[in-house]
Protein chains: 2
Amino acid sequence: MEEVVKKVDVFQAIADPTRRDVLRLLANKERSIAEISSHYDMSRTAIVKHLNVLTDAGLVNGQKSGREKVYHLQPEPLTEVKQWLDYYEQFWNNKLSRLKFLVENEE
Amino acid sequence: MEEVVKKVDVFQAIADPTRRDVLRLLANKERSIAEISSHYDMSRTAIVKHLNVLTDAGLVNGQKSGREKVYHLQPEPLTEVKQWLDYYEQFWNNKLSRLKFLVENEE
DNA sequence: TTGACATAACACCTTTTGGTTATATATAAT
DNA sequence: ATTATATATAACCAAAAGGTGTTATGTCAA
């Protein structure tokens, strides 16, 4: 049995610009650690740490393939952010959506 | 002239659970610092720091009213988060939205 | 005008974050 | 077998985050 314990909050994981950028990289295609770190000035070790945070948030998944470790995007946790955001949409959208929200919630 | 300089990234601002909770409090109605901090175990000073971060991200606005300072929600910066999220929606929604994205982007 | 209250401004402490370098291990290629 | 490559891990460090408590200042109300 492989218990996947989510140690890191997804909001925390996407707070860092580098981590958001890594997600964008992985959205296109899966990449090895070396390939990912080649895009940045910082050391490969630093990138690995970011990948660990993203992994602990469930946003990426790394699989060993020979001597490489290939990471790919797992966007599911982002639904939590979306749901959180949905609540606030009523405040910036138009009056109609505000009305819609109020009616739906019988306020 | 009052130049409002956005010093804090909105992603960083919403990374903290307490700050997200404060936003939720202010969504209902505007509240003074004392009223906000009464909801939490931590000191009022700590809450003020969180409010400063939220202010620097443009998510809340505090106005002095007599000897109180009343904060209210300013949700506009959240649109940046929403736009960022929109890109990833293609990956978790249904096949149809994936298709829609591909067609729209002529991939 | 005096006292109580709300907020501001500090100084300080601890933990976490984000990065470094160095070393070790595993795989691939020659 | 040897060598080069990719990743893993440990030790370390500086700066920022997140909290504390204390003191100062301004405002309301009796």
Side-chain angles (χ1 to χ4, degrees), chain A residues 2 4-26 29-73 77, chain B residues 2 4-26 29-73 77:
Chain A
E2 17 189 346
V4 177
V5 181
K6 190 180 187 179
K7 309 165 198 166
V8 172
D9 187 86
V10 62
F11 288 91
Q12 179 61 34
I14 66 173
D16 185 89
T18 300
R19 286 198 287 268
R20 289 200 299 277
D21 205 73
V22 168
L23 290 180
R24 182 68 62 139
L25 274 181
L26 294 179
K29 63 170 188 287
E30 60 183 24
R31 300 174 197 260
S32 72
I33 294 177
E35 192 179 354
I36 294 169
S37 66
S38 73
H39 287 79
Y40 304 94
D41 277 343
M42 68 189 81
S43 69
R44 182 164 55 249
T45 310
I47 291 295
V48 169
K49 287 190 180 182
H50 283 305
L51 284 170
N52 287 339
V53 173
L54 291 172
T55 301
D56 291 345
L59 284 167
V60 303
N61 186 286
Q63 293 177 354
K64 283 207 76 171
S65 166
R67 64 178 162 181
E68 294 186 332
K69 193 168 185 181
V70 175
Y71 278 87
H72 58 87
L73 183 70
Chain B
E2 13 191 349
V4 177
V5 180
K6 189 181 187 179
K7 310 166 198 166
V8 173
D9 188 87
V10 61
F11 288 91
Q12 178 60 35
I14 66 174
D16 185 271
T18 301
R19 286 198 288 268
R20 289 200 300 278
D21 206 73
V22 169
L23 290 181
R24 181 68 60 138
L25 274 181
L26 295 179
K29 64 169 187 287
E30 58 184 25
R31 298 173 197 260
S32 71
I33 294 177
E35 193 179 353
I36 295 169
S37 66
S38 73
H39 287 78
Y40 305 95
D41 278 341
M42 69 188 81
S43 68
R44 184 165 56 247
T45 309
I47 291 295
V48 169
K49 286 190 180 183
H50 282 307
L51 285 170
N52 287 339
V53 173
L54 290 172
T55 301
D56 291 346
L59 284 167
V60 303
N61 187 285
Q63 293 176 356
K64 283 206 76 172
S65 165
R67 63 179 162 181
E68 294 188 332
K69 194 167 184 182
V70 175
Y71 280 87
H72 58 88
L73 183 69

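Note: hydrogens, waters and symmetry copies are ignored here, and every other heavy atom, side chains too, is used. The sequence lines fix the lettering, A, B, ..., with proteins before strands; numbering per chain opens at 1.
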Just N and O in the side chain of [X]: are any of them under 4.0 Å from OP1 or OP2 of [N]?
X       : N      : result
A:His50 : C:dG19 : yes
B:Lys64 : C:dT7  : no
A:Arg67 : C:dT25 : no

Could you tell me whether the side chain of [X] and the main chain of [Y] form a donor-acceptor pair under 3.5 Å?
X       : Y       : answer
B:Ser65 : B:Glu68 : no
B:Arg19 : B:Ala13 : yes
B:Ser43 : B:Ala46 : yes

I need the [atom1]-[atom2] distance between [X] and [N], as an integer number of Å.
X       : N      : atom1 : atom2 : result
A:Arg44 : D:dA6  : CZ    : P     : 8 Å
A:Leu51 : D:dT7  : CG    : C1'   : 12 Å
B:Ile33 : D:dT27 : CD1   : P     : 14 Å
A:Lys69 : C:dA26 : NZ    : C1'   : 13 Å
B:Lys49 : C:dC10 : NZ    : P     : 13 Å
B:Leu54 : D:dA17 : CG    : C1'   : 14 Å
B:Gln12 : C:dG18 : CD    : P     : 8 Å
A:Ile47 : C:dT21 : CD1   : C1'   : 16 Å

> Checking all strands, does B:Ala34 fall into the base, sugar-phosphate, or nothing category for heavy-atom contacts under 4.0 angstrom?
Replying inline: sugar-phosphate
> How do B:Thr45 and A:Ser43 order along DNA chain C: which one's closest nucleotide is nearer the 5' end?
Replying inline: B:Thr45
> Pick the nucleotide of DNA chain D nearest each of B:Met42 and A:Ser32; which residue has the one closer to the 5' end?
Replying inline: A:Ser32
> Would you call A:Asp16 and A:Lys49 a salt bridge, taking side-chain N to carboxylate O under 4.0 Å as the test?
Replying inline: no
> Within 45° of the axis and under 6.0 Å from the centre of the six-membered ring of A:Tyr71, does NZ or CZ of A:Arg31 qualify?
Replying inline: no
